[in-house]
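So you know, we letter chains A, B, ... as the sequences are listed, proteins then strands, and number each from 1. Just the heavy atoms: all of them, side chains too, but no hydrogens, waters or symmetry mates, feed the values below.
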Protein chains: 2
Amino acid sequence: EDAIISGVAHDTSEAKLTILGLPDRPGVAARVFTELADANVNVDMIVQNVSADGRTDISFTLPRGDTAKAQAILEPLLDDVDGAGVLVDPDVAKVSLVGAGMKTNPGIAAKMFSALSAADVNIEMISTSTIRVSVVVAKDDVETAVQAVHAVFGLGDDADEGRSH
Amino acid sequence: EDAIISGVAHDTSEAKLTILGLPDRPGVAARVFTELADANVNVDMIVQNVSADGRTDISFTLPRGDTAKAQAILEPLLDDVDGAGVLVDPDVAKVSLVGAGMKTNPGIAAKMFSALSAADVNIEMISTSTIRVSVVVAKDDVETAVQAVHAVFGLGDDADEGRSH
Ligand SMILES: C[C@@H](O)[C@H](N)C(=O)O
Ligand SMILES: C[C@@H](O)[C@H](N)C(=O)O
């Protein structure tokens, strides 16, 4: 299956929130996201990587306007779930390469990451699926990042109308 | 936008590979995935979370048959990219809730995580988008996980025909 690249989506309306040092046992993620859902906090991209010494971080992006509410929910929860802390970074942007068939084409993510590297853009988070490669970068880097990814995939600036992540 | 849940996809053909302790500076992810792409290693779900003390891990899933090749490429690369190590876990499964409009409905991920918690399934990795919530679990837990998620969303077993991640 050849990959079909259709455009680059970007979103600067979100912040990044990280819950540090959560115990890696069943029920912890459920507790965290149930509390957030009950308070109607819109959670977008969730990322958790493997644990080390039985602990791991969970990060997610959310509307910048929801960060105070999310912190007010999560900080009291830390004792209950035995987490180490909550970090909020409001100065981020999400940049996604949108397409299809990316799973069978290993060079797509490499090409995107190389374009960002050449533009000296640091990648803060990565999340992918077969139809999308998303990275979180510093908000100040969003234009550079979008232009660099456009250029390497030969996409015109108009390729992005209405792309959703 | 109401979320539309269409099914649960699962995949037990993949292993999980983690590169530990990578420096968080531009170019590192590009180098890692370019080497893998040049060797034609099919990389599926990539996850990177925020760094701590300037270092972070990158994990990805890949066909179980490619793990030896990937390790042979990455271990010599560790010196160059100043990484701390490579871990491979062949005993994993990917379980994805597939649908649409999930971003605007915070309860979906919470409901899925709660179903896994109640079934005593530990979540090893998380990656989400607006159309999909994917988790990596132990391979032995895949049937329990799929059944638990089916049950909580009221999906019949036949909802999964041909679902892709
Ligand atoms: C860290 C968190 O995901 C935990 N492993 C859980 O299953 O809830
Ligand atoms: C860790 C890795 O993603 C690094 N931040 C990079 O941009 O390549």
Spell out, yes or no, whether [X] and [Y] are grouped together once hydrophobic residues are joined by side-chain heavy atoms under 4.5 Å, including indirect joins.
X        : Y        : answer
B:Val142 : B:Val92  : no
B:Val8   : B:Val136 : no
B:Val95  : A:Phe33  : yes
A:Val50  : A:Met45  : yes

Shortest non-hydrogen separation from B:Ala37 to A:Gly107 and the atoms involved:
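Looking at all heavy atoms of both residues, the shortest contact is CB-CA, 3.7 Å.
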About how many Å separate CZ of A:Arg132 and CZ of B:Arg132, when rounded to the nearest 0.5 Å?
5.5 Å
Contacts of residues 17-29 of chain A with chain B (heavy atom under 4.5 Å):
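The residues closer than 4.5 Å to chain B, in numerical order, are A:Thr18, A:Asp24, A:Arg25, A:Pro26, A:Gly27, A:Ala29.
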Any residue of residues 111-127 of chain A which, by heavy atoms, sits under 4.5 Å from chain B:
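Hits under 4.5 Å: A:Phe113, A:Ser114, A:Ser117, A:Asp120, A:Val121, A:Asn122, A:Ile123, A:Glu124, A:Met125, A:Ile126, A:Ser127.
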B:Thr128 and side-chain contact (heavy atoms from CB on, under 4.5 Å): which single residue from A:Asp44, A:Ile46, A:Val47, A:Val43 fits?
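Passing option: A:Ile46.
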Between A:Asn42, A:Val135, A:Thr56, which residue shows the highest count of heavy-atom pairs closer than 4.5 Å to chain B?
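Answer, by heavy-atom pair count under 4.5 Å with chain B: A:Asn42.
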Which one of A:Thr34, A:Ile108, A:Leu87 has the most heavy-atom pairs closer than 4.5 Å to chain B?
A:Thr34
For the CD atom on B:Glu143, are there more than 12 heavy atoms of other groups (residues, nucleotides or ligands in this structure) within a distance under 6.0 Å?
no
